[in-house]
2 protein chains.
Amino acid sequence: MKKTVLIYGLILAILAFVLDYFDYRYHVRELDIEFYILFIAVIFTATGIMVGRKLNKPGNETSSFQRNSKAINFLGISERELEVLELVAEGLSNKQIAGQLFVSVNTIKTHLSNLYEKLEVKRRTQAVEKARSLSLIK
Amino acid sequence: MKKTVLIYGLILAILAFVLDYFDYRYHVRELDIEFYILFIAVIFTATGIMVGRKLNKPGNETSSFQRNSKAINFLGISERELEVLELVAEGLSNKQIAGQLFVSVNTIKTHLSNLYEKLEVKRRTQAVEKARSLSLIK
DNA sequence: TGAAAAATCATACTTTCGGGTGACTAAGCT
DNA sequence: AGCTTAGTCACCCGAAAGTATGATTTTTCA
């Protein structure tokens, strides 16, 4: 991020320098200011797209996934259920989830049953799919 | 997309006009070309970011998901297997998949078994997770 | 045309999931 | 103190998923 800003400033400086140079060297500026504008515009549109992409790209810490809390509350999904749901989404079996959360498999099943009802689905794969589409999980 | 390009051109034209106007009106251009550059640069960086965002945002048809064909080939995953995998990712049961592809449930199971071996996973949820992380499916 | 790869299906068996039901405990609220 | 909610667990049973093995048919392609 800091690097991005630095590069941005650098490009700006270089451009100013280059344009200044052309300006005083040939004195053609008056003839084609539109050309200058176009040039700068294109350069910086490209820069902007690059910056935007960097800001947007998945895996970037600053890239935003924020949980849809409204939906979670609306559906009445509890903290624990959400926790289980996330582990399901990672592909763990009920047994593995139970081990990871230090509870019995039966408990996991209960959580999942409740979850399925709240999400109006029948299978874990559907639950994951729906939860993803609702941004309940990433 | 077409609209985006149009707006881009429009901003460009307006900017040229505005600058021209200031130029001929006050004749201050020689004093602060850096200011002009900065101005245009900022405007178009912003434009670029917006354009980039539009291009990137999920749900946009032009937003690019392209299948990781290299990985698919490397792993030796067939066309049919991929098809099954996608339906699994949508949360369908083996029976539903079988119905949709007009084959028997056993065939689906075979495809999935082969798929699991190729992806080195044990469960359908893991397969989906891994396939997603490898961009085999969206 | 003939071998290899992909797709199909079956049978048998094991494991995992999911539904239904009931119950107990702890925490929080009124 | 009584009520509600969340979390925990158990048992049963049937359905779905997954494993293993073997076999047949299609497609592909050298």
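Chain identifiers are assigned alphabetically (A, B, ...) following the order of the sequence lines, protein sequences preceding nucleic acid strands; residue numbering begins at 1 within each chain. Note: hydrogens, waters and symmetry copies are ignored here, and every other heavy atom, side chains too, is used.
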Hey, are the side chains of B/Arg123 and A/Gln96 touching, using non-hydrogen atoms and a 4.5 Å cut-off?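 In short, these two side chains touch, coming nearer than 4.5 Å.
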
Mind calculating the distance between [atom1] ([X]) and [atom2] ([N]) to the nearest angstrom?
| X | N | atom1 | atom2 | answer |
| --- | --- | --- | --- | --- |
| B/Glu117 | D/dT19 | CD | P | 9 Å |
| B/Leu101 | C/dT8 | CG | C1' | 12 Å |
| B/Leu112 | D/dA20 | CG | P | 15 Å |
| B/Lys122 | C/dT16 | NZ | C1' | 14 Å |
| B/Asn106 | C/dT11 | CG | P | 8 Å |
| B/Asn114 | C/dA6 | CG | P | 10 Å |
| B/Leu115 | C/dA7 | CG | P | 11 Å |

Nearest to the side chain of [X], heavy atoms from C-beta on, is which of [options]?
| X | options | answer |
| --- | --- | --- |
| B/His111 | D/dC9, D/dG18, C/dA7 | C/dA7 |
| B/Tyr116 | D/dT19, D/dC11, C/dG18 | D/dT19 |
| A/Ser104 | D/dC12, D/dC9, C/dT8 | D/dC9 |

Only one of B/Leu92, B/Asn94, B/Leu82 forms a side chain to side chain contact (heavy atoms under 4.5 Å, CB included) with B/Leu87, so which one is it?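 With B/Leu87 as partner, B/Leu92, B/Asn94, B/Leu82 yield a single side chain to side chain contact (heavy atoms under 4.5 Å, CB included), made by B/Leu92.
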
Counting just side-chain N and O atoms, does B/Thr107 come under 4.0 Å of either OP1 or OP2 of C/dC9?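 For C/dC9, OP1 or OP2 has a side-chain N or O of B/Thr107 closer than 4.0 Å.
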
Can a side chain N or O of A/Arg123 be found less than 4.0 Å away from OP1 or OP2 on D/dA16?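 For D/dA16, neither OP1 nor OP2 has a side-chain N or O of A/Arg123 closer than 4.0 Å.
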
Hey, which of these two, B/Lys109 or A/Val121, hits DNA chain C nearer its 5' end, going by closest nucleotide?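 Here B/Lys109 is the residue nearer the 5' end.
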
Specify the residue among A/Phe102 and A/Lys118 whose closest nucleotide of DNA chain D lies further upstream toward the 5′ end.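 Result: A/Lys118.
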
Treat each ILVMFWY residue as a node, draw an edge where side-chain heavy atoms are under 4.5 Å apart, and state whether A/Ile108 and A/Leu136 are in one component.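 Same cluster: A/Ile108 reaches A/Leu136 through Ile, Leu, Val, Met, Phe, Trp or Tyr contacts under 4.5 Å.
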
Strictly below 4.0 Å, heavy-atom distances to any atom of DNA chain C: list the hits from residues 69-99 of chain A, or just say none.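 Those residues whose heavy atoms fall under 4.0 Å from DNA chain C, taken from residues 69-99 of chain A in numerical order, are A/Ser93, A/Asn94, A/Lys95.
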
By the definition salt bridge (Lys or Arg N to Asp or Glu O under 4.0 Å), identify the one residue from B/Arg80, B/Arg132, B/Arg67 that meets it with B/Glu86.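 That would be B/Arg67.
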
Could you give the distance from CG (A/Leu85) to CD1 (A/Ile137), rounded to the nearest 0.5 Å?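 Atom-to-atom, A/Leu85:CG and A/Ile137:CD1 are 4.5 Å apart.
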
Is it the case that over 12 heavy atoms from other parts of the model lie below 6.0 angstrom from the CD atom of A/Glu117?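 For A/Glu117, atom CD is not crowded (no more than 12 foreign heavy atoms under 6.0 Å).
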
On a heavy-atom basis, which atom in A/Thr125 and which in B/Gly91 lie closest, and how many Å separate them?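 That closest heavy-atom pairing would be OG1-CA, 3.5 Å.
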
